[in-house]
Amino acid sequence: MKRLVAFALTAALTVGLMPTAFAAPKDVPLPEKEAVLQELEIMEGDGTGALHLERNITRAEFTKLLVSASPYKGSVGDAATDPYPDVSHRDWFAPYVRAAVDAGLVKGDLEGYFRPARSITLAEGVTMAVRLLGYRDSDFASAWPTGQLALYRSLDLDEGVAAAGKDDLMTRGDCLHLFYNLLTAPTKQGGTYGSSLGCPVNAKGEVDVPTLFRVEQEGPVAVTGNWQSRLPFDVNTALVYRNNDRATLADLREWDLVYWAKEDAILFASEGSQGSMGQMAGAVDGPVVAESGWQSKLPFALGDAISILRNGKDADADDIQALDVIYWGKYDNKLYVYGKSVTGTVEAVSPALAAPTAVTVAGQTYVLETFEAQYAFSDMGTFRKGDRVRLLLGRGGGVAAVRALDPETDSGRVGIVSALETKTYLDAADRPYSAKVITLTGADGLSYSYPYSWSKADAFDPGEVVRVTSSAGSTTVARVSSSPVSGTVDASATHIGTYSLSPDAEILDTYGDYTFRAVPASRLAGVRLTQDMVRYAQVEKDGSVTALILNDVTGDLHSYGVMTDVNVLSVPSMALPNGQSTAMTLQGVYTYDLGGRSQVLPVSGKRYSVKEGPFCLMTDGQEVKSMKNLTKLDKVTLEGSFALQGSSRYPLADNVAYYLYDRSNDAYTLSTRSLVLASESALEGWYDKPPAEGGQVRVILARAD
């Protein structure tokens, strides 16, 4: 077989030709590479979209890919003459061969033929590919194809390519990897090759897929309720990105905003927030308050609503309750219902009655997010400081509407006493006065402050569960008894044993007297709640639980890391000159890593039952109460948000800590999930307690040999 003229030159890289350090992106999913090359119109499928990656590729087909992956693809036109004796201007590939010849990317063989139907070898394909990067045959000094293949491997253009020997035939799959790798490769002149094709590259040196597909994106939808049903494809087969990084469906969080590229089945999610939700605001109208005649204010009949979301969960019309705040989609007949309200005494209206923008009730300040709410607290409205009100909260968490509070129906607020203090208020004439205040943390995780009688202010201690009610300017505080609610929370977090759990239930987990955190109902799925784990449950007449205050159920209030050194000494008693002696004491120093930061805790007079290794640090908000080691799971694998050991699945905590352990230095280093997996070390999972008791895997440890 005669060599092509283009390949007859020698090839060893000359000094100075080697580019700066470069590595092709590793572990890029094959569907991502396919989507990128198809979006850039480099590689196309057949009528069904199939790419037939297993097939060998001919020189004619490779030339089409080569030109499609070059800045010259816009110059492809009909070939007026035959480019080669064996390439007729009538052949489908003739325009690509002509464009490649004119650009200096291909040449004929020694006999002047192109051989379009012959399968291409690795050496031939690589030689053409490096020409795209600006290299010419004269850049190489040794026999072909030594230099071209050396450059190809030094640039990691071989990442994913199965063909290894110079004479190995390339498949379409090999071409997919090669042309994807070219996009992020440095050119001879400097810069990234993909930029010449308008292909964005991120800081990691990978194709920036979210930016590449920005023009194709539709949406958004919010990750809440049955959101997946609103997309035009099966999300289980989609590529997923979150905050511009590769992700899985399990990585998405409630209220994330999701856009999509329909033709390529790609999801692009960004972290949801009050600000980002504003992107959807233009398609939503309202609100109206669910009271007499409210349905007539909708632009469509209630029965025509194609879906209803109440507090972010799928609902029916019967689930809408009195004084709910309701919005609707302008174009899709969807209802967005919010059932959150706050009761208490108006303490302040700011900045002025002439144009109020916020109101303070029970120590919390709320934005007035509708004209109706602003009018109600203005000098033209009816509500003033000192009035007892119910604030109806809307989509943004601010006040959508306000109603006078009926003392007969106000059951008050239950929470944990968090502070007893003195605060300054303004009376109706804006004169300052001081009042004793009791502050509690409600089941929603927010703090509420109520003026309270000086004579009774010290009757309650921080950490107690109380109910606060107020009327006619006076506040009543009473302890509440523990709850009889118990049972296993089902997988959908809709029931606790025989009790139903309201979809908008407020849940507060507590530890000690000063540490509290609101948790979503989904956090309790599968947990077996005993009566001693439930400090308070608000059970409605229909048997549904609408509020829970728990006793250290989730463990999410604690800190997790690695204990690196424990040094405890017993100091013996010593005789004193007066004939007496000191008592024997314990002196200890505990050194540990939390979040990559080494900390030292000196302790006198006590010993913590903890040794070196992954551990849990428990504080009550003021001091360390306890430390304990976590329980080890050997040889786990990671799958989404779970650690797997055999057939057992253990949920990973949202803030699971990843550590690398170097045995030679006896050192722990805080790491990331990707680096831990890349270490190829056996993984250990460390959990605080069994999942049925609310536990999760808190630390993943990779031990390097």
Side-chain angles (χ1 to χ4, degrees), residues 416-418 441 445 461-465 482 507-519 523-524 527-536 548-571 583-633 650-657 659 668 670 684-701:
I416 304 289
V417 177
S418 52
T441 301
D461 296 320
E464 288 194 86
V465 183
S482 59
I507 304 173
L508 186 76
D509 201 7
T510 70
Y511 178 76
D513 296 334
Y514 300 97
T515 308
F516 323 113
R517 176 179 293 179
V519 298
R523 178 63 182 86
L524 302 180
V527 175
R528 184 175 60 254
L529 294 176
T530 58
Q531 289 192 18
D532 62 338
M533 298 164 73
V534 182
R535 301 180 65 180
Y536 168 77
L548 284 171
I549 297 179
L550 306 175
N551 180 24
D552 193 22
V553 170
T554 65
D556 296 344
L557 299 170
H558 309 313
S559 300
Y560 299 90
V562 178
M563 181 67 64
T564 56
D565 186 63
V566 176
N567 191 356
V568 180
L569 298 175
S570 297
V571 180
M584 186 181 71
T585 61
L586 290 173
Q587 298 292 331
V589 177
Y590 298 83
T591 305
Y592 50 85
D593 182 290
L594 291 178
R597 179 168 168 258
S598 182
Q599 302 180 47
V600 177
L601 177 68
V603 176
S604 178
K606 67 165 60 174
R607 179 197 298 268
Y608 292 110
S609 181
V610 64
K611 59 184 179 180
E612 293 181 12
F615 83 115
C616 170
L617 176 72
M618 293 170 276
T619 71
D620 67 351
Q622 293 190 338
E623 63 176 349
V624 174
K625 302 297 290 186
S626 182
M627 291 190 286
K628 66 177 184 179
N629 286 106
L630 304 179
T631 303
K632 178 181 177 182
L633 296 169
Y650 295 82
L652 296 175
D654 287 342
N655 58 346
V656 61
Y659 281 91
Y668 295 89
L670 186 68
E684 300 169 0
W686 294 80
Y687 65 91
D688 52 341
K689 51 186 176 180
E693 298 174 18
Q696 294 182 325
V697 173
R698 305 291 180 171
V699 174
I700 294 292
L701 183 61

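Counting from 1, the numbers follow the sequence of the chain as shown.
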Given 3.5 Å as the limit, does a donor-acceptor pair link the side chain of T510 with the main chain of L550, or not? yes

Mind listing the side-chain donor-acceptor pairs of residues 610-627 below 3.5 Å, one per line with the distance, residues two or more places apart or on another chain?
| from | atom 1 | to | atom 2 | distance (Å) |
| --- | --- | --- | --- | --- |
| D620 | OD1 | Q622 | N | 2.9 |
| D620 | OD1 | E623 | N | 3.0 |

With no hydrogens and no angle check, is any side-chain donor or acceptor of N551 less than 3.5 Å from a backbone partner on V534? no

Kindly write out the residues that satisfy ring-ring contact (aromatic ring centres under 6.0 Å, His included) with Y514, not counting sequence neighbours, or none if the list is empty. none

A side-chain contact here means heavy atoms from C-beta on lying under 4.5 Å apart; do Y590 and V568 qualify? yes

Residue set satisfying side chain to side chain contact (heavy atoms under 4.5 Å, CB included) with T591, at least two apart, ordered chain then number -> T564, D565, V589, S598, V600

Determine the minimum heavy-atom distance between D509 and D552, stating which atoms define it. OD1-N, 3.0 Å

Any ion pair linking R698 and D556 (charged N to carboxylate O, less than 4.0 Å)? yes

Is a side-chain N or O of K689 found less than 3.5 angstrom from the main chain of V553, in a donor-acceptor match? yes

E693 side chain to P690 backbone, donor-acceptor under 3.5 Å: no

Side chain proximity check, I549 to F516, heavy atoms < 4.5 angstrom: no

In the structure I gave you, are the side-chain heavy atoms of L508 and R535 within less than 4.5 Å of one another anywhere? no

A side-chain contact here means heavy atoms from C-beta on lying under 4.5 Å apart; do L524 and T554 qualify? yes

